[in-house]
2 protein chains.
Amino acid sequence: MRDGPDISAIAALIGDPGRANMLSALMDGRALTAGELAGVAGVSLPTASGHLSRMVGAGLLVVAAQGRHRYYRLAGEDVAAALESLMSLAEARGHRRVRTGPRDAAMREARSCYRHLAGAHAVRIYDSLRARGAVAVGVSGLEVSSEGRRFLDGLGVDLSGLAGRRVVCRECLDWSERRMHLAGPLGTALLDYVLASGWAERVGDSRVIRFRPRGLKALEAAFPLDKDASATV
Amino acid sequence: MRDGPDISAIAALIGDPGRANMLSALMDGRALTAGELAGVAGVSLPTASGHLSRMVGAGLLVVAAQGRHRYYRLAGEDVAAALESLMSLAEARGHRRVRTGPRDAAMREARSCYRHLAGAHAVRIYDSLRARGAVAVGVSGLEVSSEGRRFLDGLGVDLSGLAGRRVVCRECLDWSERRMHLAGPLGTALLDYVLASGWAERVGDSRVIRFRPRGLKALEAAFPLDKDASATV
DNA sequence: ACAACGGTTCGGAAGGGACCGAAGCGTCGT
DNA sequence: ACGACGCTTCGGTCCCTTCCGAACCGTTGT
């Protein structure tokens, strides 16, 4: 009515259970076909197709036609961030999906959110990087310091994806931890590193990332938490 | 379907234009009566009453009965944060409400978001506090350092509201800046300070906060931006 | 060429939600 | 005590959305 962006159009799209399930399934950043998404939404293919075209039209999803398949994925990291923020709200209000199982607990530990890592371990990594001064808030958002770059490079993280990017890292609200974790190209690089180094592995087709005992030790050693970094007032 | 919180129920509530308008009107953190909210939503009183009771039931709003009035307000800061994150999405996708006027530009400069300050100036304050080391990420979230406490106290900010609070400050995504600004009790204290010190004033009944020229100078002096705090890689 | 396959478009049916008018209920003024 | 006021509840109408089956289109494989 008065001013500001129109929330309702986008919220209404997310508000349908079928579409919400599709969006949740796409939260790992990978692209799924219309048929697969119809499956997760629990609707017929024509219905799913209608939903998908509407979400593409609204800018929530993007399509890539490949042969006779059409791959849908989230339009960007900001979509994933908004979804996580809604999850955080729903979680706090006790709105939970019907079945909660062991998978749910594993998701809280570590999961992929778009292309980066989320969950308790992701928050730890972020906190450690902040405490170390590897990333800090600068004039153009969250920035990686030169010490941080050296540290990550020494660890073996592939930073080539960061070259020439306008925004190197961003923050994303973690629904299970209700804290910030690292997103953006640097977040992607860290998820790749965690998987490539064998610290953790993706569990099946889900968003769950399972850390191996060895990897957990390595993570705690590489990303220590300085308990006395600041006073709580 | 599978795991995680159920987004769709909450998103569906926000997805109705009338309800979205009500929520937007409540973004300044103040409580409005059912009649006033019916006005901003553009619906009759019975309709508004139905909407409001549903949102209370879902935990988005809370009511306070006062005489023959019933005051509705957002249930918490996390609701405001989720709404701002949706605004950020909608803004980026070009979903704008019909009329955009001078008020809109003023909103980008400075506005209240729940009980704290948002907009370009709010982001500046946050960045300055981060660069100065006044607030930093600790083990239990965003924390105020003892130097930060001294600095703010010396400035004249009333920190009495922070005593005994579990979380002293939080981050909130700014829809116009697409950056983080300061929320939580400290954010509230800073908004109070900015208004009490005469740096700025609330414009009518809107969320707009207008800075006086003198206040703007004072803000820039008190919260400098160190352009060379960190390298951009 | 032909059939199988993945996907979209079109049609109509069914369900749910938004909406308002009228009535009811508690509170405030006089 | 009485009416005015703010709000909620109830009942019924109406529209919008969701949904699927059938038909259609382009690609793949044989």
Side-chain angles (χ1 to χ4, degrees), chain A residues 1 6-26 30-73 95 97 205, chain B residues 1 6-26 30-74 95 97-98 205:
Chain A
M1 182 90 73
D6 176 27
I7 323 177
S8 67
I10 285 188
L13 281 177
I14 308 175
D16 177 78
R19 286 192 294 260
N21 280 338
M22 294 181 183
L23 291 169
S24 297
L26 293 170
R30 286 185 298 185
L32 298 179
T33 66
E36 292 169 327
L37 289 168
V40 305
V43 296
S44 74
L45 230 157
T47 303
S49 181
H51 285 318
L52 290 168
S53 65
R54 282 186 61 186
M55 290 195 280
V56 170
L60 289 181
L61 301 181
V62 289
V63 215
Q66 216 166 92
R68 55 181 166 187
H69 295 274
R70 303 196 68 183
Y71 286 93
Y72 291 87
R73 59 183 170 82
H95 297 263
R97 281 145 113 184
D205 260 6
Chain B
M1 182 91 76
D6 177 27
I7 323 177
S8 66
I10 284 189
L13 281 177
I14 308 175
D16 177 77
R19 286 193 293 261
N21 280 338
M22 293 182 183
L23 290 169
S24 298
L26 292 170
R30 286 184 299 185
L32 298 180
T33 67
E36 292 169 327
L37 289 169
V40 305
V43 296
S44 73
L45 232 158
T47 302
S49 182
H51 285 318
L52 291 168
S53 65
R54 281 186 64 186
M55 289 195 280
V56 170
L60 288 181
L61 302 181
V62 289
V63 216
Q66 217 166 91
R68 54 182 166 184
H69 296 275
R70 301 196 68 185
Y71 286 93
Y72 290 87
R73 58 185 170 80
L74 296 189
H95 298 263
R97 279 146 115 182
V98 275
D205 259 5

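Labels below follow one simple rule: chain letters A, B, ... track the order of the sequence lines, proteins then strands, and each chain is numbered from 1. Computation of the quantities below employed the complete heavy-atom set of this structure, encompassing side-chain atoms and omitting hydrogens, waters and symmetry-equivalent molecules.
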(message) Tell me which one of A:Asn21, A:Leu23, A:Ile14 satisfies side chain to side chain contact (heavy atoms under 4.5 Å, CB included) with B:Ile7.
(response)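 For B:Ile7, the side chain to side chain contact (heavy atoms under 4.5 Å, CB included) check succeeds only for A:Ile14.
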
(message) Once you apply a heavy-atom cut-off of 4.0 Å, does A:Thr33 come out as touching a base, just sugar-phosphate, or nothing?
(response)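 Answer is sugar-phosphate: A:Thr33 comes under 4.0 Å of backbone atoms only.
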
(request) Under 4.0 Å between any heavy atoms, over every strand shown, what does A:Tyr72 touch: base, sugar-phosphate, or nothing? Just pick one. (result)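 Contact class for A:Tyr72: sugar-phosphate only.
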
(message) Please give me the minimum heavy-atom distance between A:Leu26 and A:Tyr72, naming the atom from each residue.
(response)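 Smallest heavy-atom distance, with atoms named: CD2-O, 3.4 Å.
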
(message) Between A:Arg19 and A:Leu13 (side chain of the first, backbone of the second, donor and acceptor by atom type, cut-off under 3.5 Å), is there such a pair?
(response)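 Yes; at least one donor-acceptor contact below 3.5 Å.
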
(request) Answer yes or no: is there a donor N or O on one side and an acceptor on the other, between the side chain of A:Ser49 and the main chain of A:Leu45, under 3.5 Å? (result)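 Here the side-chain-to-backbone pair does not exist.
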
Rounded to whole Å, please give me the gap between [atom1] in [X] and [atom2] in [N].
X	N	atom1	atom2	value
B:His69	D:dG6	NE2	C1'	7 Å
A:Tyr71	C:dT8	OH	P	13 Å
A:Leu61	C:dG7	CG	C1'	16 Å
A:Leu52	D:dC19	CG	P	12 Å
B:Glu36	D:dC5	CD	P	16 Å
B:Leu32	D:dG6	CG	P	15 Å

If you look only at distance, which donor and acceptor atoms sit under 3.5 Å apart when one is on a side chain in residues 60-71 of chain B and the other is two or more places apart or in another chain?
none

(message) Below the 4.0 Å mark, does D:dG6 have OP1 or OP2 next to a side-chain nitrogen or oxygen of B:Arg70?
(response)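 Indeed not, no polar side-chain atom of B:Arg70 lies that close.
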
(message) Would A:Asp16 and A:His51 count as a side-chain contact (heavy atoms from CB on, under 4.5 Å) here? Give the steps.
(response) CA-CA 9 Å; A:Asp16 177 78; A:His51 285 318; 3.8 Å; yes

With 3.5 Å as the limit, what N/O pairs link the protein to nucleotides 13-15 of chain D?
none

(message) Walk along nucleotides 14-26 of chain C from 5' to 3' and tag each nucleotide B, S or - by protein heavy-atom contact under 4.0 Å, base first, then sugar-phosphate.
(response) ----SBBBB----

(request) Applying side-chain hydrogen bond (donor to acceptor under 3.5 Å, both in side chains), name anything that partners B:Arg54, two or more places apart in sequence or on another chain. (result)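 Testing B:Arg54 for side-chain hydrogen bond (donor to acceptor under 3.5 Å, both in side chains), a comparison that skips the adjacent residues, returns none.
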
(request) Provide the full list of side chain to side chain donor-acceptor pair (under 3.5 Å) pairs with a residue in residues 33-48 of chain B, sequence neighbours left out, each pair given once. (result)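 Of all non-adjacent pairs touching residues 33-48 of chain B, those that pass side chain to side chain donor-acceptor pair (under 3.5 Å) are B:Thr33-B:Glu36, B:Ser44-B:Thr47.
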
(message) According to side-chain contact (heavy atoms from CB on, under 4.5 Å), who are the partners of A:Ala48, at least two apart in sequence or on a separate chain?
(response)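 Here the qualifying residues are A:Met22, A:Ala38, A:Val43.
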
